[in-house]
A.B. asks: 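One structure coming up, written as structure tokens, with questions to follow.
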Amino acid sequence: MYKINEIFETIQGEASFTGTPSIFLRLQGCPVGCAWCDTKQTWEVDDVYKVSLDDTVEKKADSDHWADASAEQILNLFADRAYRAKHVVITGGEPCMYDLNPVCELLHANGYTTQIETSGTFEILAPAQTWVTVSPKINMRGGYEVLTSAMQRADEIKHPIAMQKHVEELEALFAKTGVSPKLVYLQPISQKISATKLAIETCIEKNWRLSVQVHKYLGIN
Ligand SMILES: C[S@@+](CC[C@H](N)C(=O)[O-])C[C@H]1O[C@@H](n2cnc3c(N)ncnc32)[C@H](O)[C@@H]1O
Ligand SMILES: Nc1nc2[nH]cc(C(=O)O)c2c(=O)[nH]1
Ligand code: SF4
Ligand SMILES: [Mg+2]
């Protein structure tokens, strides 16, 4: 069973798949604790806030309510809601706290492509076809070995930044792990103007890419 915070259909607003119609599956629970996290409502899994699956779908506002669902229930819900998107983004919270093989395999068998958004602090349990976006959480909880293998598995790295030290931490991580990813995105934290300026300048300097959170500029989920 997966603990579901919310399920909604929108466009992917970040990194390589920006603009792609997508179904978002947001899983509950994350022990990492990034100070600037924009989904803090997913951190705790409190039994008091367990609700029905219908209640977690298309939430009107962020909440820490969650529901249990199997892979089959998730797939059926997509049909019930008449979703049209064929790309499924599994995020959280930290989705890699769960074994994502069953849900990804079922989705692939039904014509969907899948993508995971992960911090690299848990082992990635997902099929080879799944696109993996790693947003490495440096100097935070989770073992270094796990983070290194997540970086090796990553199809893209997406790093939120607000200060020069965030850029330096990322470069130090590339040097320490010996991983030199093909696709590196810098994502300004919380649409801050100074963070956006730093991200643009650094991307030009290093030939990396810019990921602005398009959905936030558009005021959509
Ligand atoms: C909310 S996290 C959930 C998935 C996973 N826990 C992770 O950190 O990758 C999804 C993405 O949003 C990024 N993110 C979180 N808060 C942000 C913020 N305030 N500004 C920009 N990006 C943010 C994360 O780094 C990650 O790339
Ligand atoms: N539109 C949209 N794109 C996103 N890309 C990553 C998101 C996330 O919260 O993981 C996200 C999100 O919450 N909404
Ligand atoms: S790892 Fe992801 S969900 Fe967890 S606190 Fe950091 S940004 Fe938020
Ligand atoms: Mg988000």
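Note that ligands are numbered from 1 as they come in the structure, with each ligand's atoms numbered from 1 the same way. Remember, it's a predicted structure, so these values are computed and weren't measured experimentally.
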A.B. asks: Listed by chain and number, what are the ring-ring contact (aromatic ring centres under 6.0 Å, His included) partners of Tyr83, not counting sequence neighbours?
C.D. replies: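 For Tyr83 the ring-ring contact (aromatic ring centres under 6.0 Å, His included) partners, ignoring immediate neighbours, are Phe78.
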
A.B. asks: Taking only heavy atoms of Gly93 into account, list the atoms of ligand 1 that are under 4.0 Å away from them.
C.D. replies: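 Selected atoms, number and element: 3 (C), 4 (C), 5 (C), 6 (N).
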
A.B. asks: Return the protein residues near ligand 2 (heavy atom under 4.0 Å from any of its atoms), ordered by chain and residue number.
C.D. replies: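 Residues within 4.0 Å of ligand 2: Thr10, Ile11, Gln12, Gly13, Glu14, Phe24, Arg26, Thr91, Glu117, His215, Asn221.
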
A.B. asks: Give the ring-plane orientation class for Phe24 versus Phe8, where under 30° counts as parallel, over 60° as perpendicular and anything between as tilted.
C.D. replies: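 The arrangement is parallel - the two ring planes meet at less than 30°.
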
A.B. asks: Answer yes or no for Cys30: is there an N/O/S atom below the 2.8 Å cut-off from atom 4 (Fe) of ligand 3?
C.D. replies: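 It does; at least one qualifying atom falls short of 2.8 Å.
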
A.B. asks: Taking only non-hydrogen atoms of Cys34, do any sit less than 4.0 angstrom from ligand 1?
C.D. replies: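 For ligand 1, residue contact (heavy atoms, under 4.0 Å) with Cys34 is absent.
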
A.B. asks: Strictly under 4.0 Å, does any heavy atom of Lys137 approach an atom of ligand 1?
C.D. replies: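 True for this residue.
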
A.B. asks: Same cluster or not: Val212 versus Ile193, using hydrophobic residues (I, L, V, M, F, W, Y) connected whenever any side-chain heavy atoms lie under 4.5 Å apart?
C.D. replies: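 Cluster IDs for Val212 and Ile193 differ.
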
A.B. asks: Have a look at Phe122, Trp43, Trp36 and point out the one with the heavy atom closest to atom 19 (N) of ligand 1.
C.D. replies: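 Looking at heavy atoms only, the winner is Trp36.
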
A.B. asks: Write out the residue and atom name of the closest protein heavy atom to atom 20 (N) of ligand 1, then the distance separating them to 0.1 Å.
C.D. replies: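 Checking every protein heavy atom, the shortest distance to atom 20 (N) of ligand 1 gives Ser190 N, 3.1 Å.
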
A.B. asks: Give the residue, atom name and distance (to 0.1 Å) of the protein heavy atom nearest atom 21 (C) of ligand 1.
C.D. replies: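 Sorting protein heavy atoms by distance from atom 21 (C) of ligand 1 puts Gln213 OE1, 3.2 Å first.
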
A.B. asks: For Glu94 and Thr118, test the side chains for any donor-to-acceptor distance below 3.5 angstrom and give the result as yes or no.
C.D. replies: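 Yes, Thr118 and Glu94 have a side-chain donor paired with an acceptor closer than 3.5 Å.
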
A.B. asks: Under a 3.5 Å cutoff, is there a donor and acceptor pairing between the side chains of Thr56 and His65?
C.D. replies: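 No.
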
A.B. asks: Does a side-chain heavy-atom distance below 4.5 Å link Arg26 with Thr42?
C.D. replies: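 Side chain of Arg26 against side chain of Thr42, heavy atoms only: contact under 4.5 Å found.
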
A.B. asks: Just by distance, no angles: are the side chains of Thr177 and Tyr144 close enough, under 3.5 Å, to form a donor-acceptor pair?
C.D. replies: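 Distance-only check fails for Thr177 and Tyr144.
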
A.B. asks: Can you tell me the protein heavy atom closest to atom 2 (S) of ligand 1 and the distance?
C.D. replies: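 Result: Thr91 OG1, 4.4 Å.
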
A.B. asks: Does some non-hydrogen atom of Cys37 fall short of 4.0 Å from ligand 1?
C.D. replies: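 Yes.
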
A.B. asks: To which protein heavy atom is atom 11 (C) of ligand 1 closest, and what is the distance rounded to 0.1 Å?
C.D. replies: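 The protein heavy atom lying closest is Glu14 OE1, 3.9 Å.
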
A.B. asks: So if I count the atoms of ligand 3 from 1 in the order they appear, which ones are less than 4.0 Å from some heavy atom of Gly33?
C.D. replies: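 Taking each heavy atom of Gly33 in turn, ligand 3 has 5 (S) under 4.0 Å.
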
A.B. asks: When you look for heavy atoms under 4.0 Å from ligand 3, do you find them on the side chain of Lys137, its backbone, both, or neither?
C.D. replies: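 Looking at Lys137 and ligand 3, just side chain atoms fall under 4.0 Å.
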
A.B. asks: Relative to ligand 3, is Ser119 under 4.0 angstrom through side chain, backbone, both or neither, heavy atoms considered?
C.D. replies: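 The part of Ser119 near ligand 3 is the side chain, not the backbone.
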
A.B. asks: When you check the side-chain N and O atoms of Gln41 and Ser63, is any donor under 3.5 Å from an acceptor?
C.D. replies: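 Result is no, nothing qualifies.
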
A.B. asks: Distance to 0.1 Å, residue and atom name: give those for the protein heavy atom nearest to atom 13 (C) of ligand 1.
C.D. replies: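 The protein heavy atom lying closest is Gln187 NE2, 3.8 Å.
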
